[in-house]
Colleague: 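The structure under discussion is supplied below as structure tokens; questions concerning it will follow.
As the structure is a computational prediction, the values presented were derived from the model and not from experiment.
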Amino acid sequence: MFLQPATLNAAIDLLAQHGGKLLAGGTDIFPALGQTALASPMIDISRLPELCAITTGADTIRLGAGATWSEIVAAPLPAGFDALKAAAREIGSIQIQNRGTIGGNLCNASPAADSVPPLLTLDARVELVSPRGMREMPLSAFIRGNRQTALAADEIVTAVLVPRENGDFISHFSKLGARRYLVISIAMIAVALKRAADGAIAQARIAIGSCSAVALRLPELEAALVGCRSVTDIATRVTIARLGGLSPIDDVRASAGYRRDAALILVRRAVQDCFEKRTATVGR
């Protein structure tokens with residue numbers, strides 16, 4: 001059964017009545033199916049206007065769950081979203097970026113989902129709607145494991161919400177793979193920094209993906225970077241010991257040891273890159 005509601009309320013009702021799978025961009029669902037036929041109804045929510053808008057409010061920047069990666073790249077978002085835009089440009093091909101959606105990427109909950117580390121550094125929250133009403137939760141609580149989320153069977157992810165004040169950060173995203181494009185990450189890093197008036201790092205946010213079942217923030221390292229005044233100082237504080245919580249695996253793309261070593265180098269470079277950008281901005 002293929003269902004195509006015209007409104008979000010209709011989609012909620014259909015999901016409650018029939019269950020089944022939600023279809024947005026389809027870039028995860030169809031490859032996962034392979035030659036297997038769908039055993040449950042499919043509800044196409046790709047045309048719902050309520051899910052597509054990217055808006056800026058007084059306190060919150062709202063990314064509709066149906067916004068595509070190409071739309072996010074083109075949106076006039078502040079510097080704190082530069083890492084997310086960089087990640088969006090790394091997701092598959094241009095054709096995938098034109099169809100794939102931010103909500104679908106989060107619901108797929110792959111450990112290698114490129115959008116998750118940048119969104120974690122933005123303190124993003126997920127908005128969910130069901131017949132019971134609306135609720136919000138931190139992205140860090142929404143993704144619970146490899147392909148596991150807190151999404152209830154009758155819920156639809158409607159938006160990703162970011163505090164507007166987080167747009168003031170300078171951000172960076174980098175990804176390591178076996179080739180430059182069209183590749184699943186071996187490791188990926190998102191960094192967001194804010195500098196104090198005296199030039200030192202005032203706030204640091206760092207998240208790593210593809211090195212654990214769920215992308216993680218690194219609070220110990222974030223705290224250690226506060227007060228850094230030079231790239232040399234940064235290099236001495238970014239250490240393996242401060243990458244605690246990571247649990248990389250051995251697979252066909254890389255060994256656990258290689259992932260951990262690569263993550264250390266990527267974090268150090270990303271933090272230094274953000275710091276130098278901040279210095280250049282202040283110096284103008």
Colleague: Between atom CG of L84 and atom CH2 of W69, what is the distance when rounded to the nearest 0.5 Å?
Modeller: 6.0 Å

Colleague: Look up atom CG in L119 and atom CG in L63, then write down how far apart they are to the nearest 0.5 Å.
Modeller: 7.5 Å

Colleague: Can you tell me how far the CG atom of L243 sits from the OG1 atom of T239, to the nearest 0.5 Å?
Modeller: 6.5 Å

Colleague: Just by distance, do the side chain of T60 and the backbone of R62 share a donor-acceptor pair under 3.5 Å?
Modeller: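 No, the answer is negative, given that no donor and acceptor are paired below the 3.5 Å cut-off.
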
Colleague: State, to 0.1 Å, how close A58 and R164 come at their nearest heavy-atom pair, and which atoms those are.
Modeller: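 Where A58 meets R164 most closely, the heavy atoms are O-CD, 3.7 Å.
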
Colleague: Using side-chain heavy atoms (C-beta onward) and a distance below 4.5 Å, is Y258 in contact with P248?
Modeller: no

Colleague: Give the minimum heavy-atom separation between A150 and E155, together with the two atoms involved.
Modeller: O-OE1, 4.0 Å

Colleague: Do D168 and P78 have side-chain heavy atoms sitting under 4.5 Å apart?
Modeller: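 Side chain of D168 against side chain of P78, heavy atoms only: no contact under 4.5 Å found.
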
Colleague: Please check if I201 and I189 belong to a single hydrophobic cluster, counting links between Ile, Leu, Val, Met, Phe, Trp and Tyr side chain heavy atoms closer than 4.5 Å.
Modeller: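 Yes; I189 is reachable from I201 via cluster members.
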
Colleague: Do M137 and M134 sit in the same hydrophobic cluster, where Ile, Leu, Val, Met, Phe, Trp and Tyr count as joined when their side-chain heavy atoms come under 4.5 Å apart?
Modeller: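 Result: no, two separate clusters.
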
Colleague: List the atom of A235, the atom of R268, and the distance in Å for their closest heavy-atom pair.
Modeller: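 Residues A235 and R268, closest heavy atoms: O-NE, 3.5 Å.
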
Colleague: Any idea which heavy atoms bring A187 and C211 closest together, and the distance?
Modeller: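 So the two residues come closest at CB-SG, 3.8 Å.
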
Colleague: I want to check something: taking the side chain as every heavy atom from C-beta on, are V214 and R144 in contact at a cut-off of under 4.5 Å?
Modeller: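 Answer no - side chains too far apart.
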
Colleague: Determine yes or no for a side-chain-to-main-chain donor-acceptor pair under 3.5 angstrom, with D28 supplying the side chain and P31 the backbone.
Modeller: no

Colleague: To the closest 0.5 Å, what do you measure between CZ (R99) and OG (S46)?
Modeller: 5.5 Å

Colleague: Heavy atoms, side chains only, cut-off 4.5 Å: are S140 and L120 in contact?
Modeller: yes

Colleague: Can you name the closest pair of heavy atoms from I54 and E71 and give their distance?
Modeller: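 Between these two residues, the closest heavy atoms are CD1-O, 3.9 Å.
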
Colleague: Say whether L48 and L15 are linked into one hydrophobic cluster, either directly or through other cluster members, by side-chain heavy-atom distances under 4.5 angstrom.
Modeller: yes

Colleague: How about CZ on R147, more than 12 heavy atoms from neighbouring residues, nucleotides or ligands closer than 6.0 Å, or not?
Modeller: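 Counting other residues, nucleotides and ligands, CZ of R147 exceeds 12 neighbours.
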
Colleague: L122, L161: one ILVMFWY side-chain cluster at the under-4.5 Å cut-off?
Modeller: no

Colleague: Report yes or no: does K175 contribute a side-chain atom to a donor-acceptor pair with the main-chain N or O of I186 at less than 3.5 Å?
Modeller: no

Colleague: Any side-chain heavy atom of T55 within less than 4.5 Å of one from I61?
Modeller: no

Colleague: Quick check against the 3.5 Å criterion: does S171 have a side-chain atom that pairs as donor or acceptor with the backbone of D82?
Modeller: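 Judged by distance alone, yes, a pair lies under 3.5 Å.
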
Colleague: For R135, is there an ion pair with E127 - N to carboxylate O distance below 4.0 angstrom?
Modeller: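 Salt bridge: no.
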
Colleague: Which residue in the set I234, V191, I170 passes side-chain contact (heavy atoms from CB on, under 4.5 Å) when paired with F275?
Modeller: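 Option passing the side-chain contact (heavy atoms from CB on, under 4.5 Å) with F275: I234.
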
Colleague: Spell out, as yes or no, whether a donor-acceptor pair under 3.5 Å connects the side chain of K194 to the backbone of Q203.
Modeller: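 Side chain of K194 to backbone of Q203: no pair is present.
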
Colleague: Any chance the side chains of N105 and S115 put a donor and an acceptor closer than 3.5 Å?
Modeller: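 Indeed, the side chains of N105 and S115 share at least one donor-acceptor pair under 3.5 Å.
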
Colleague: Measure across D154 and S130 and return the closest heavy-atom pair with its distance rounded to 0.1 Å.
Modeller: O-CB, 3.4 Å

Colleague: Roughly how far, to the nearest 0.5 Å, is the CZ atom of F30 from the CE atom of M42?
Modeller: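 Between M42 CE and F30 CZ, I get 4.5 Å after rounding to 0.5 Å.
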
Colleague: Find out whether R205 and N166 are in side-chain contact, i.e. whether some heavy atom of one side chain is under 4.5 Å from a heavy atom of the other.
Modeller: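 Contact flag for R205/N166 side chains = yes.
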
Colleague: With a sphere of 6.0 Å drawn around CG of D198, does it hold more than 12 non-hydrogen atoms of other residues, nucleotides or ligands?
Modeller: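 Result for CG/D198: enclosed.
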
Colleague: Evaluate side-chain contact (heavy atoms from CB on, under 4.5 Å) for E276 paired with C274, printing each intermediate quantity in order.
Modeller: CA-CA 5 Å; E276 289 175 334; C274 278; over 6 Å; no

Colleague: Do R269 and D273 meet the salt-bridge criterion of a basic N to acidic O distance under 4.0 Å?
Modeller: no

Colleague: V267 and I208: side-chain contact (heavy atoms from CB on, under 4.5 Å), yes or no, with the steps?
Modeller: CA-CA 8 Å; V267 168; I208 298 182; 3.7 Å; yes

Colleague: Please tell me whether N98 and T68 have a donor and an acceptor in their side chains that are separated by less than 3.5 angstrom.
Modeller: no

Colleague: Are E222 and R217 within salt-bridge range, i.e. N to O under 4.0 Å?
Modeller: yes

Colleague: Carefully, step by step, assess M188 and D114 under the rule side-chain contact (heavy atoms from CB on, under 4.5 Å).
Modeller: CA-CA 7 Å; M188 54 183 164; D114 291 330; 3.1 Å; yes

Colleague: May I ask you to decide whether D250 forms a salt bridge with R259, counting only side-chain N to carboxylate O separations under 4.0 Å?
Modeller: no

Colleague: Less than 4.5 Å apart, side chain to side chain, heavy atoms only: is that true for E90 and F173?
Modeller: yes

Colleague: Any side-chain heavy-atom pair from S247 and S212 closer than 4.5 angstrom?
Modeller: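 In short, these two side chains touch, coming nearer than 4.5 Å.
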
Colleague: Do any N or O atoms from the side chain of R242 and from the backbone of E220 form a donor-acceptor pair under 3.5 angstrom?
Modeller: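 The answer is no, because no donor-acceptor pair under 3.5 Å joins these two groups.
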
Colleague: Which residue in the set L51, T158, T101 passes side-chain contact (heavy atoms from CB on, under 4.5 Å) when paired with I45?
Modeller: L51

Colleague: If the test is side-chain contact (heavy atoms from CB on, under 4.5 Å), which one of L128, V129, T149 qualifies with V157?
Modeller: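 Running side-chain contact (heavy atoms from CB on, under 4.5 Å) over L128, V129, T149 with V157 returns exactly one hit, L128.
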
Colleague: OG1/T121 to CD1/I206 distance, rounded to the nearest 0.5 angstrom?
Modeller: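 So the gap between those two atoms works out to 10.0 Å.
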
Colleague: Below 3.5 Å, can you tabulate the donor-acceptor pairs from side chains in residues 1-8 to any protein atom, sequence neighbours excluded?
Modeller:
{"from": "Q4", "atom 1": "NE2", "to": "D44", "atom 2": "OD2", "distance (Å)": "2.8"}
{"from": "T7", "atom 1": "OG1", "to": "A10", "atom 2": "N", "distance (Å)": "3.1"}

Colleague: Identify whether L176 and V271 are in the same connected component of the hydrophobic contact network (ILVMFWY, side-chain heavy atoms under 4.5 Å).
Modeller: yes

Colleague: Could you please spell out the steps behind the side-chain contact (heavy atoms from CB on, under 4.5 Å) verdict for I96 and S93?
Modeller: CA-CA 5 Å; I96 295 295; S93 62; 3.5 Å; yes

